[in-house]
Every structure is written in C-alpha cells, then in structure tokens.
Amino acid sequence: MRLVLVGPPGAGKGTQAQFIAAQYDVPQVSTGDIFRANVGQSTPLGLEAKRYMDAGELVPDSVTIAMVEDRLLQDDAAKGFLLDGFPRNVAQAEVLDTLLERAGTSLDVVLELVVDDEEVVRRLSGRRTCSSCGRVWHVDFDPSSVEGQCDHCGGTLFQRDDDKPETIRRRLQVYAEQTAPVVGFYAERGLLERIDATGTVDGVTARILAVLRRFDR
Ligand code: ADP
Ligand code: AMP
C-alpha cells in the first residue's frame, strides 16, 4: 500500500497515520517528525528547517525533497509507505510522481482529512507532543493519564513552538495557498478520497479503514 495523507495542520494526520501504518505494516514517513528529530539533534538540516518551522512556513523544496527521496529509498519503504505531511505543494507532488515512476510504482490512494479551521485551532492549541516517541496527545480530547507524561513511553510532553496562536494562523494560510492545490492535483488523477475527520479518533479511523479496504490486494 502506498498512500498519502493530506489535510490542514491539526486534521489528525499523525494520529491516524499510526493506526493505518500498523494495520498495513508500512512505514509512516512524516516529514514534520523527521524535521523535529533533526531539530532535536541540532543537525545542519534541523538548524536550517527550524527557521521556517517556527515561522509556520514551508521548509524549502530543495531540502525537503532530498530528505524524502532518501527516506523512500530505504529498504522498509520498498513494500509500501504512508506519507504524512508530504507533498505539501504541487512541485513536491510532481517530484513524488517522478520518483515513483522511476521505481516502477505509483500511489494507490490519497486520503484528504477534512475539518474546518475552528476545529483545527481547538486541536492544535491543546496538542501536546512526546519529546521521546513523538506520539501526540490532547489536553481535552485525548489526555495522557498523568499530566505532562506520555502513557506510551513515559517521555515528557511539550507544546510545539508552532502550535502558538499566531503561528497556527500562518500555517492555515500556507495550507490554503500552497497545500490545498495538491488536493486538486490528486483529484484530477482520480486518486483522492475525502474523509470526514470530525468526531472521535476511533470514528475517523473506522471511516479510513472502510475506504482503504477497497484498495486491498
Ligand atoms: P496533524 O498531524 O494533522 O497536524 P495531529 O494528529 O497531531 O494532527 O492532531 C492534532 C491534535 O488533535 C492532537 O492533539 C490530537 O490528539 C488531536 N486529535 C486528533 N484527532 C482528533 C479527533 N478526531 N478529535 C479530537 N482531537 C483529535
Ligand atoms: P507538521 O508536523 O506536518 O505539522 O510539520 C511541521 C512543519 O514542518 C511545517 O509547518 C513545515 O515548516 C515543515 N514541513 C513538514 N513537512 C513539510 C513539507 N512537505 N514541505 C515543507 N515543509 C514541511
């Protein structure tokens, strides 16, 4: 299974990606997670990316595309993958097409998680992220049992710098201007499936798995 999750920041891509990746036994490739891991380790890539991430802007394509290409060439991605947060503009989508074509494969499906801006703001302002395993929680909608501590691995939870209100507003603008056209790009190619991403996490997962069953081979 080769699939892409697209949707505004806070739509629940990361939350759903972990279930889908486990169900289909494919690696979850989240460009945001890879950038954050590099920021945490202060690598040159991380230092470069951080400036853009903190401002709510996209990291330049030259950096992002090379990183994704490298990741998709790793052995575990040969059987399939789930891309979360990539492509985020049409240029990235075109490069992905070329990379896959070169490898003699193509995407099976692109899932668009649909939620409105108001819900996005509610989700992002309460999001807490584990500094060790990267799992996301929400202070109201999906709280960890001990405040500030990840139930999954015991790591410390933090609020992302880019989940502050002014950066959230900019990220939504960037989504509308640069990422929304990616949805049209895939719709034209007949790859797009729209998923209502409101309601409970389990409810959204069930809707996604019901759609994906049609692509099982
Ligand atoms: P994305 O990866 O699309 O930016 P996340 O998966 O990180 O979004 O989710 C953003 C926030 O919303 C997190 O705090 C997560 O716990 C919460 N969340 C995810 N799905 C739902 C849902 N269906 N209902 C309520 N909150 C949700
Ligand atoms: P995310 O974790 O998906 O919300 O991404 C966090 C931030 O990482 C974004 O706001 C961007 O600055 C950067 N980023 C993640 N994926 C991409 C991408 N495909 N292209 C450019 N920047 C990205």
Side-chain angles (χ1 to χ4, degrees), residues 4-21 28-40 45-46 48-69 71-72 82-96 111-116 118-130 134-144 150-152 157-164 167-175 177-179 182 195-208:
V4 166
L5 275 184
V6 66
K13 299 182 296 297
T15 302
Q16 296 299 331
Q18 52 191 352
F19 299 118
I20 307 169
Q28 171 186 349
V29 177
S30 160
T31 41
D33 285 352
I34 303 175
F35 283 134
R36 276 184 292 282
N38 277 276
V39 170
L45 174 71
E48 164 83 356
K50 187 173 176 3
R51 293 193 283 142
Y52 298 95
M53 295 169 80
D54 286 352
E57 303 293 339
L58 296 186
V59 178
D61 287 349
S62 53
V63 176
T64 306
I65 288 169
M67 183 178 88
V68 170
E69 183 170 12
R71 180 63 189 87
L72 293 184
L82 185 167
L83 279 168
D84 155 21
F86 183 96
R88 249 181 163 96
N89 60 31
V90 170
Q92 293 181 5
E94 284 169 344
V95 171
L96 178 62
L111 301 177
E112 181 195 7
L113 299 190
V114 182
V115 286
D116 62 31
E118 226 175 281
E119 178 66 9
V120 158
V121 172
R122 267 197 295 273
R123 289 186 185 181
L124 290 183
S125 41
R127 173 160 65 183
R128 297 293 180 270
T129 305
C130 177
R135 192 196 186 286
V136 292
W137 301 88
H138 191 286
V139 289
D140 299 316
F141 306 143
D142 187 16
S144 59
C150 180
D151 284 356
H152 186 61
L157 304 184
F158 71 101
Q159 183 174 26
R160 282 169 47 174
D161 284 341
D162 58 351
D163 282 346
K164 307 271 157 66
T167 320
I168 292 174
R169 271 195 296 279
R170 179 60 195 146
R171 289 165 69 204
L172 282 170
Q173 276 174 354
V174 168
Y175 183 81
E177 291 164 12
Q178 301 188 50
T179 311
V182 171
I195 307 282
D196 171 7
T198 59
T200 63
V201 169
D202 288 351
V204 179
T205 306
R207 285 196 279 279
I208 290 175

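Ligands are counted one by one from 1 in listed order, and the atoms in each one are counted from 1 as well. Worth saying up front: this structure is predicted, and the values here are computed from it rather than measured.
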Is there a donor-acceptor contact under 3.5 Å from the side chain of [X] to the main chain of [Y]?
X: T205; Y: V201; value: yes
X: R123; Y: A11; value: yes
X: Q178; Y: V174; value: no

Do any nitrogen or oxygen atoms of [X] come within less than 3.5 Å of a nitrogen or oxygen of ligand 1?
X: G14; result: yes
X: D84; result: no
X: G126; result: no

Starting from [atom], what is the nearest protein heavy atom, named by residue and atom, and what distance separates them?
atom: atom 8 (O) of ligand 1; answer: G12 N, 3.2 Å
atom: atom 19 (C) of ligand 1; answer: T15 OG1, 3.4 Å
atom: atom 23 (N) of ligand 1; answer: G199 O, 2.8 Å
atom: atom 14 (O) of ligand 1; answer: W137 O, 2.7 Å
atom: atom 20 (N) of ligand 1; answer: V201 CG2, 3.7 Å
atom: atom 7 (O) of ligand 1; answer: R127 NH1, 2.5 Å
atom: atom 12 (O) of ligand 1; answer: R123 CB, 3.3 Å
atom: atom 26 (N) of ligand 1; answer: F141 CD1, 3.3 Å

Fill in: Contacts of R36 that satisfy salt bridge (charged side-chain N to carboxylate O under 4.0 Å, His left out) - sequence neighbours left out
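In terms of salt bridge (charged side-chain N to carboxylate O under 4.0 Å, His left out), with neighbours along the sequence ignored, R36 is linked to D33.
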Worksheet item: By salt bridge (charged side-chain N to carboxylate O under 4.0 Å, His left out), which residues pair with R169, not counting sequence neighbours?
Response: none
Discussion item. With side-chain contact (heavy atoms from CB on, under 4.5 Å) as the criterion, how do L96 and L83 come out once you've worked through the C-alpha distance, each side chain's angles and the decisive distance to 0.1 Å?
Written reply: CA-CA 11 Å; L96 178 62; L83 279 168; 3.7 Å; yes
Item to complete: Could you list which atoms of ligand 1 come closer than 4.0 Å to a heavy atom of A11?
Response: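 Going through ligand 1 atom by atom, the ones under 4.0 Å from A11 are 3 (O), 8 (O).
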Worksheet item: Can you list the atoms of ligand 1 that are under 4.0 Å from a heavy atom of T200?
Response: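 The atoms of ligand 1 under 4.0 Å from a heavy atom of T200 are 23 (N).
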Practice prompt. Evaluate the criterion side-chain contact (heavy atoms from CB on, under 4.5 Å) for residue pair T64 and L58; output intermediate values, then yes/no.
Written response: CA-CA 9 Å; T64 306; L58 296 186; over 6 Å; no
Smallest separation among heavy atoms of [X] and [Y], with atom names:
X: S125; Y: Q159; answer: O-NE2, 3.5 Å
X: D196; Y: T198; answer: OD1-OG1, 2.6 Å
X: H138; Y: R122; answer: NE2-O, 3.0 Å

Worksheet item: What pairs of residues pass the salt bridge (charged side-chain N to carboxylate O under 4.0 Å, His left out) test when at least one of them lies in residues 4-18, not counting sequence neighbours?
Response: none
Discussion item. Any non-hydrogen side-chain atom of I208 less than 4.5 Å from a side-chain atom of L113?
Written reply: yes
Fill in: Residue contacts for ligand 2, heavy atom to ligand atom, distance under 4.0 Å
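For ligand 2, the contacting residues are T31, G32, F35, R36, M53, E57, L58, V59, T64, G85, F86, R88, Q92, R160, D162, R171.
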Worksheet entry | Pair Y175-V6, side-chain contact (heavy atoms from CB on, under 4.5 Å): steps then yes or no | CA-CA 10 Å; Y175 183 81; V6 66; 4.1 Å; yes
Worksheet item: Of G203, P8, A17, G10, which has the heavy atom at the shortest distance from atom 10 (C) of ligand 1?
Response: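 Going through G203, P8, A17, G10 one by one, G10 has the nearest heavy atom to atom 10 (C) of ligand 1.
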